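The block underneath contains the structure these notes are about, expressed in structure tokens.
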Amino acid sequence: MCGIVGYIGNQEAAPILLEGLSKLEYRGYDSAGISVFDGEKINVIKTKGKIKNLRSLCHDGADLKGTVGIGHTRWATHGAPSDVNSHPHLNAGETISVVHNGIIENYLILKKKLENKGYVFQSETDTEVVAQMMDYYFDGDILSTVAKVLARLEGSYALGILCADNPDEIIAVKKDSPLIVGLSDDGNFIASDIPAILKYTRKVYILEDGEIVRLTKDGVTIYNMDLEPVHKEVTEIMWDVSAAEKGGYEHFMMKEIHEQPKAVRDTIHPRVKDGKIVIDELHMSEEQLKEIHRIYIVACGSAYHAGVSGKYVIEQLSRIPVEVDLASEFRYRNPILDEHCLVIIISQSGETADTLAAMREAKKHGVRTLAVVNVVGSSIAREADDVLYTWAGPEIAVATTKGYTSQLAALYLLGMYLGQTRRTLSQEDYEPMLNELEILPDKMEKLLESKEDIQYLANRYIGLKNVFFLGRGIDYATALEASLKLKEISYVHSEAYAAGELKHGPIALIEKGTLVVGIVTQEALYGKIVSNLVEVKSRGAFVLAVTNEDNTAIEKTADFVFYVPKTLPLFTGLMATVPLQLFAYYVAVAKGYDVDQPRNLAKSVTVE
Ligand code: G6P
């Protein structure tokens with residue numbers, strides 16, 4: 001949520017800030033702004049709307065001269081998207097400028113105190129409090145002023161601060177919101193995420209909570225909250241700039257849908273050695289693994305849906321009971337945890353506020369945590385006891401695709417690994433299962449070849465108002481994800497149900513023309529779900545079935561069938577999800593929506 005950037009160096013700052021913000025737009029895109037020090041004063045240009053509005057307003061940065069500046073792209077929390085609520089925020093004297101990602105939880109109390117002292121606020125944001133407090137406590141030295149302000153702030157924040165009285169530096173702070181520092185011979189950077197600065201440098205510091213950074217054009221010093229210098233290793237970013245570019249596709253989402261076979265392959269293959277799954281990252285002894293008597297999977301959004309799939313896989317293969325929890329619930333529900341539990345945290349970004357808090361809650365109870373994370377060095381990755389990375393590469397589109405399917409792949413690996421270690425998965429079953437696991441990416445590639453069939457169907461259905469996704473067994477998890485995808489990007493109301501639940505209420509909503517998508521990959525349950533589809537059809541529904549390539553009998557029931565390559569029942573999530581991602585994509589494109597940046601959403605939800 002929200003992206004911040006900062007630059008101090010030898011180049012003009014504004015174009016660099018705009019470029020950086022455009023790479024962070026996935027984090028929020030309802031307003032944007034930059035402030036640059038011109039040698040005498042801080043100039044600010046900010047506006048409601050996307051970065052392109054900001055670009056035209058400041059003539060691609062030409063209106064803001066100077067080599068030090070900060071910028072922001074916003075996902076509104078406090079105060080509607082508007083010019084005045086956009087960041088950067090200033091103190092009354094316009095000598096201090098602040099950009100912020102996060103939430104200042106005690107801002108109302110602080111605001112009242114400042115108002116009592118005569119401060120007048122321009123915006124409804126929590127962030128303006130920081131700028132005004134900086135003004136109130138300013139003692140001539142920006143660093144020590146920041147320390148005084150931080151001592152009074154509650155909440156989460158990544159902050160970038162520019163001060164006209166100390167114009168040769170930028171101060172940045174991190175607590176519970178991500179922030180990195182980029183280093184180059186031509187100046188130094190702050191950013192919420194790596195793509196923002198990758199064009200300029202691959203050398204970064206990944207900040208920890210409670211760290212304060214002072215950037216000048218020639219160097220960077222990192223301090224703890226007591227302003228003692230902290231030593232940190234430089235991280236070299238290995239991936240390429242092109243990984244965060246569209247590469248000829250119209251949208252990042254389509255590019256990322258096509259990258260799924262690679263993401264799944266890269267997640268699975270390095271962990272298969274000599275006919276066995278080897279998870280070096282999991283530092284648990286065989287004994288410890290055998291002693292696990294309950295697993296909790298905790299996540300948000302699509303990662304939660306991956307967890308629902310994971311429950312079926314892990315329970316089936318390892319016979320360990322698995323509970324799947326939404327992170328926002330888990331953290332407050334006082335779960336029953338002991339040393340024989342394992343908490344698996346799933347997160348693409350590794351920064352989702354609820355997921356991070358849920359993991360901390362589990363750790364507080366002394367429970368071992370294993371994170372399935374995509375972003376290397378993210379907060380969840382750093383704090384978990386063990387990390388199983390999904391090697392999906394950077395994911396830019398707000399609606400996850402390759403992030404999700406690579407999470408499924410990681411959970412398949414984990415389920416098989418636990419089954420193998422605990423001897424609940426026989427060698428006889430293990431070998432063909434491993435062979436199948438290894439060829440899943442090839443099957444996904446084949447699937448993508450027939451995407452035009454889905455496009456045809458989506459174009460026919462752009463007027464839809466309500467969609468129901470039904471599945472049984474592991475297909476229910478796929479239904480959840482397919483429904484979320486459609487909602488997120490095409491703004492069509494949709495619901496996912498375990499097909500057996502249909503008669504307990506939702507069937508009342510079926511009428512002539514309602515689209516019902518049946519996910520039918522579990523051979524053992526074919527008959528059951530077909531009965532459910534017949535029930536909706538006889539009430540006027542149009543039935544789309546996603547099923548295995550050999551299940552042609554479904555044509556008697558469904559109005560339209562999309563066939564997917566056959567795989568083992570536990571692995572079908574990887575097959576059935578892809579056409580439904582494409583369906584959501586094509587409906588959204590046909591309706592003319594912004595697929596990569598859907599309204600009201602943000603990719604990295606770093607506020608509660
Ligand atoms: C946001 C994204 C979803 C994602 C969820 C959890 O809502 O739009 O695509 O599934 O956050 O994110 P995480 O990074 O923790 O997987």
Side-chain angles (χ1 to χ4, degrees), residues 1-3 24-29 75 77 101 176-178 192-193 252-253 256-257 260 263 267 297-310 324-331 343-360 369 371-384 387-390 392-411 477-478 480-491 496 573 577 580-581 584-585 588 594-608:
M1 316 244 109
C2 301
L24 296 178
E25 216 172 5
Y26 72 86
R27 303 180 67 83
Y29 33 83
W75 185 88
T77 56
N101 168 207
D176 290 338
S177 292
S192 298
D193 197 2
F252 278 110
M253 184 173 175
E256 289 159 6
I257 286 175
Q260 293 184 102
T267 300
I297 301 183
V298 183
C300 298
S302 296
Y304 169 79
H305 299 154
V308 177
S309 241
V324 194
D325 267 79
L326 292 162
S328 53
E329 292 298 315
F330 180 86
R331 60 185 290 194
V343 172
I344 301 176
I345 302 287
I346 309 178
S347 176
Q348 187 285 128
S349 64
E351 299 292 349
T352 302
D354 279 319
T355 314
L356 180 59
M359 184 178 80
R360 289 178 178 161
T369 52
V372 175
V373 171
N374 191 44
V375 177
V376 176
S378 55
S379 300
I380 292 174
R382 289 201 309 272
E383 291 184 32
V387 189
L388 181 58
Y389 279 113
T390 52
E395 192 180 59
I396 311 292
V398 166
T400 180
T401 52
K402 62 175 181 171
Y404 172 77
T405 44
S406 59
Q407 286 162 355
L408 291 186
L411 292 164
T478 307
L480 289 169
E481 175 57 8
S483 170
L484 179 66
K485 214 80 310 170
L486 187 68
K487 268 187 209 120
E488 278 180 306
I489 59 171
S490 72
Y491 316 146
T577 306
L580 295 170
Q581 294 168 340
Y585 173 86
D594 187 340
V595 176
D596 286 337
Q597 295 174 348
R599 70 182 180 207
N600 302 340
L601 303 182
K603 186 155 191 70
S604 185
V605 183
T606 54
V607 294
E608 192 172 344

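The first residue in the sequence is number 1, and the count goes up from there. Both counts, for ligands and for their atoms, begin at 1 and track the order of listing. Model, not experiment: these values are computed from the prediction.
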(message) Regarding ligand 1, does Ser347 bring an N or O atom to under 3.5 Å of one of the ligand's N or O atoms?
(response) yes

(request) Provide the number and element of each atom of ligand 1 under 4.0 Å from a heavy atom of Ser349. (result) 13 (P), 14 (O), 15 (O)

(message) Are Asp596 and Tyr26 packed together at the side-chain level, in the sense that at least one heavy-atom pair is separated by less than 4.5 angstrom?
(response) no

(request) Answer with side chain, backbone, both or neither: which part of Glu351 has a heavy atom less than 4.0 angstrom from an atom of ligand 1? (result) neither

(message) Are Leu480 and Ser309 packed together at the side-chain level, in the sense that at least one heavy-atom pair is separated by less than 4.5 angstrom?
(response) no

(request) Look at the side chain of Glu256 and the backbone N and O of Ala397, then say whether any donor-acceptor pair between them is shorter than 3.5 Å. (result) yes

(request) Just let me know how Ala299 lines up against ligand 1, side chain, backbone, both or neither, with a heavy-atom cut-off below 4.0 Å. (result) neither

(message) I want to check something: taking the side chain as every heavy atom from C-beta on, are Thr400 and Lys485 in contact at a cut-off of under 4.5 Å?
(response) yes

(message) Using a plain distance cutoff, I'd like to know if Val398 has any nitrogen or oxygen under 3.5 Å from a nitrogen or oxygen of ligand 1.
(response) yes

(message) Starting from atom 1 (C) of ligand 1, what is the nearest protein heavy atom, named by residue and atom, and what distance separates them?
(response) Lys603 O, 3.5 Å

(request) Check each atom of ligand 1 against the heavy atoms of Ala303 and keep those under 4.0 Å away; list them by number with element. (result) 10 (O), 16 (O)

(message) Can you tell me if Glu488 contacts ligand 1 (heavy atom of the residue under 4.0 Å from the ligand)?
(response) yes

(request) Answer yes or no: is there a side-chain heavy-atom contact under 4.5 Å between Glu351 and Asp193? (result) no

(message) Would Gly403 count as a contact residue for ligand 1, given that I'm defining contact as a non-hydrogen atom of the residue lying under 4.0 Å from a ligand atom?
(response) no

(message) Counting non-hydrogen protein atoms only, what is the nearest one to atom 15 (O) of ligand 1? Give residue, atom name and distance.
(response) Thr352 OG1, 2.5 Å

(message) Enumerate the salt bridge (charged side-chain N to carboxylate O under 4.0 Å, His left out) contacts for residues 395-407, please, sequence neighbours excluded, ordered by first and then second residue.
(response) Glu259-Lys402, Glu395-Lys603

(message) Can you confirm, on distance only, whether ligand 1 has an N/O atom lying under 3.5 Å from any N/O atom belonging to Thr355?
(response) no

(message) Please find the pair of heavy atoms, one from Leu24 and one from Ser192, that lie closest to each other, and give the distance.
(response) CD1-N, 4.2 Å

(message) Counting non-hydrogen protein atoms only, what is the nearest one to atom 10 (O) of ligand 1? Give residue, atom name and distance.
(response) Ser302 N, 2.9 Å

(message) For atom 5 (C) of ligand 1, what is the closest protein heavy atom, and at what distance to 0.1 Å?
(response) Cys300 O, 4.0 Å

